[in-house]
Amino acid sequence: MPRALPRPWTHDELIVAFNLYCELPFGRLHQRAPEIVRLAALLGRSPGSVAMKLVNIASLDPAVKVSGRRGLGNASVADAAVWAEFHADWEGLALESARIQQSLVHALGLPDAIVMADDVPPESGSAAYVGINRAAVVQMRVRQAFFRKAVLASYEGRCCVTGLSAQRLLVASHIVPWADDLKNRLNPRNGLCLSSLHDKAFDAGLMTLSADYRIVMSQAANSLADEPFAASGLLAYAGQKIRLPAKFTPDEAFLAHHRTRILLG
């Protein structure tokens with residue numbers, strides 16, 4: 001009896017698979033990861049099939065190739081097309097992925113569990129939830145959840161300056177502020193995983209990154225050298241190279257914008 005061919009992946013399935021690729025650390029792209037098991041159940045596929053698709057998607061990621069890690073190398077034309085779609089419209093695809101997953105949940109008669117509304121903190125530069133309707137709040141939280149998960153996953157849950165891994169003290173910090181570039185406000189390459197302190201310093205223009213990803217302090221930051229906390233918690237990292245992410249390396253154009261427009265004199 002002829003062996004049945006694998007079921008082709010639909011465009012909607014590829015969207016939610018790419019979304020999950022963004023939100024998982026590279027080391028968790030395996031069939032035992034709970035998120036992969038859950039998505040497999042929603043799609044009616046095996047966890048192994050979903051894990052394999054995510055590893056194929058990883059083969060398209062330049063940051064993965066540069067790091068020496070490898071995907072399976074069997075990414076399809078359709079995989080590459082969805083990769084390009086996300087890069088052209090991060091916000092649209094994050095919202096579409098949430099919509100598709102919610103539809104799958106409803107079709108299976110399961111309780112809503114897509115948007116974790118209460119445990120996604122507002123990130124730096126984001127709008128407040130004042131005076132907007134519930135649908136807008138849900139969309140805002142989908143956006144923030146996607147960006148936070150994608151950035152923290154890229155840096156494997158550690159501050160790229162200090163190595164701190166306490167999740168409650170980590171921020172998915174925008175390089176180009178949220179309000180300054182609507183097209184790239186959810187682009188993981190526009191994000192850094194920073195401790196709360198270094199996020200505030202970065203946003204305030206007290207520190208930035210050079211083209212080779214080294215920490216540069218502003219004159220305003222250097223003026224704090226006589227303060228012990230500033231000296232040990234901030235200035236001590238000057239010249240140090242950040243921990244580069246496993247995925248989605250910061251875009252040099254975004255870093256150049258930060259150096260020229262936000263860094264204080």
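For this chain, numbers begin at 1 and follow the sequence in order. When reading the values below, keep in mind they use all heavy atoms of this one structure, side chains included, and skip hydrogens, waters and symmetry mates. Since the structure is predicted, the reported quantities are computational estimates derived from the model, not experimental observations.
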Just wondering, do [Y] and [X] contact through their side chains at under 4.5 Å, heavy atoms?
X	Y	value
F146	L95	no
L170	L194	no
V216	M207	no
Y21	D61	yes
L192	P250	yes
E96	N19	no

Under 3.5 Å donor-acceptor, [X] side chain and [Y] backbone:
X	Y	result
R214	G239	yes
S49	R45	no
S97	A94	no
T162	C159	no
R158	G163	yes
H30	I36	no

About how many Å separate [atom2] of [Y] and [atom1] of [X], when rounded to the nearest 0.5 Å?
X	Y	atom1	atom2	answer
R189	L255	CZ	CG	9.5 Å
I100	L42	CD1	CG	11.5 Å
R28	Q31	CZ	CD	14.5 Å
Q144	R185	CD	CZ	10.0 Å
L54	M52	CG	CE	11.5 Å
R148	S173	CZ	OG	11.5 Å

Task: Cation-pi geometry met for K53 and W9 (6.0 Å, 45°) - done: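 Yes, K53 lies over the aromatic ring of W9.
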Nearest heavy-atom pair of [X] and [Y]: which atoms, and what distance?
X	Y	value
G233	L197	O-CD2, 3.8 Å
L24	A153	C-CB, 3.5 Å
C22	W90	SG-CZ3, 3.9 Å
A231	A225	CB-O, 3.8 Å
D212	K241	O-CE, 3.3 Å
V142	A98	CG1-CB, 3.9 Å

same_hphob_cluster([X], [Y]) at 4.5 Å side-chain heavy-atom cutoff:
X	Y	result
L244	V151	yes
I242	Y237	yes
L60	V82	yes
W83	L186	yes
F229	L235	no

Open item on the list: Which label fits H174 and F147: parallel for a plane angle under 30°, tilted from 30 to 60°, or perpendicular past 60°?
Closed with: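 Correct class here is parallel.
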Open item on the list: I'd like to know whether S103 forms a side chain to side chain donor-acceptor pair (under 3.5 Å) with H106, so could you lay out the CA-CA distance, the side-chain angles of the two residues, the decisive distance to 0.1 Å, and finally the verdict.
Closed with: CA-CA 5 Å; S103 296; H106 290 163; 5.9 Å; no
TODO: Kindly determine whether V161 and S195 satisfy side-chain contact (heavy atoms from CB on, under 4.5 Å), including the steps that lead there.
DONE: CA-CA 8 Å; V161 173; S195 73; over 6 Å; no
Open item on the list: Between R38 and E35 (salt bridge meaning N to carboxylate O under 4.0 Å), is one present in this structure?
Closed with: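 Answer for the salt bridge query: no.
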Open item on the list: If the threshold is 4.0 Å, N to carboxylate O, is there a salt bridge linking R7 and E13?
Closed with: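 The answer is yes: the pair qualifies as a salt bridge.
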TODO: Please report the C-alpha distance between N184 and N187 in whole Å, then the side-chain angles of each, then the deciding distance to 0.1 Å, and finally whether the side chain to side chain donor-acceptor pair (under 3.5 Å) criterion is met.
DONE: CA-CA 5 Å; N184 287 297; N187 184 345; 3.0 Å; yes
Open item on the list: Could you walk me through whether V37 and R32 satisfy the side-chain contact (heavy atoms from CB on, under 4.5 Å) test, starting with their C-alpha distance in whole Å, then the side-chain angles of each, then the deciding distance to 0.1 Å, before giving a yes or no?
Closed with: CA-CA 7 Å; V37 172; R32 297 180 303 280; 5.9 Å; no
Task: Q219 atom CD, neighbour heavy-atom count above 12 within 6.0 Å - done: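 Count not over threshold, so no.
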Task: Verdict with reasoning, F202 to I175, per side-chain contact (heavy atoms from CB on, under 4.5 Å) - done: CA-CA 8 Å; F202 191 79; I175 300 171; 4.2 Å; yes
Open item on the list: Evaluate L206 against M217 for side-chain contact (heavy atoms from CB on, under 4.5 Å), listing each step before the verdict.
Closed with: CA-CA 6 Å; L206 293 175; M217 295 296 170; 5.8 Å; no
- [ ] Report the C-alpha separation of D12 and T10 in whole Å, then their side-chain angles, then the decisive distance to 0.1 Å, and conclude whether the side chain to side chain donor-acceptor pair (under 3.5 Å) test is met.
- [x] CA-CA 5 Å; D12 281 0; T10 68; 5.7 Å; no
Task: Residue pairs, two or more places apart or on separate chains, that pass side-chain hydrogen bond (donor to acceptor under 3.5 Å, both in side chains) and touch residues 244-265 - done: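 Counting only pairs at least two positions apart or across chains, the side-chain hydrogen bond (donor to acceptor under 3.5 Å, both in side chains) contacts touching residues 244-265 are T208-H258, E252-R259.
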Open item on the list: As a quick check of understanding, evaluate side chain to side chain donor-acceptor pair (under 3.5 Å) for S196 and D199, giving each step before the final call.
Closed with: CA-CA 5 Å; S196 297; D199 165 65; over 6 Å; no
Open item on the list: Side chains of D79 and S76 only: does a donor on one sit below 3.5 Å from an acceptor on the other?
Closed with: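 There is such a pair (donor and acceptor under 3.5 Å, judged by atom type) between the side chains of D79 and S76.
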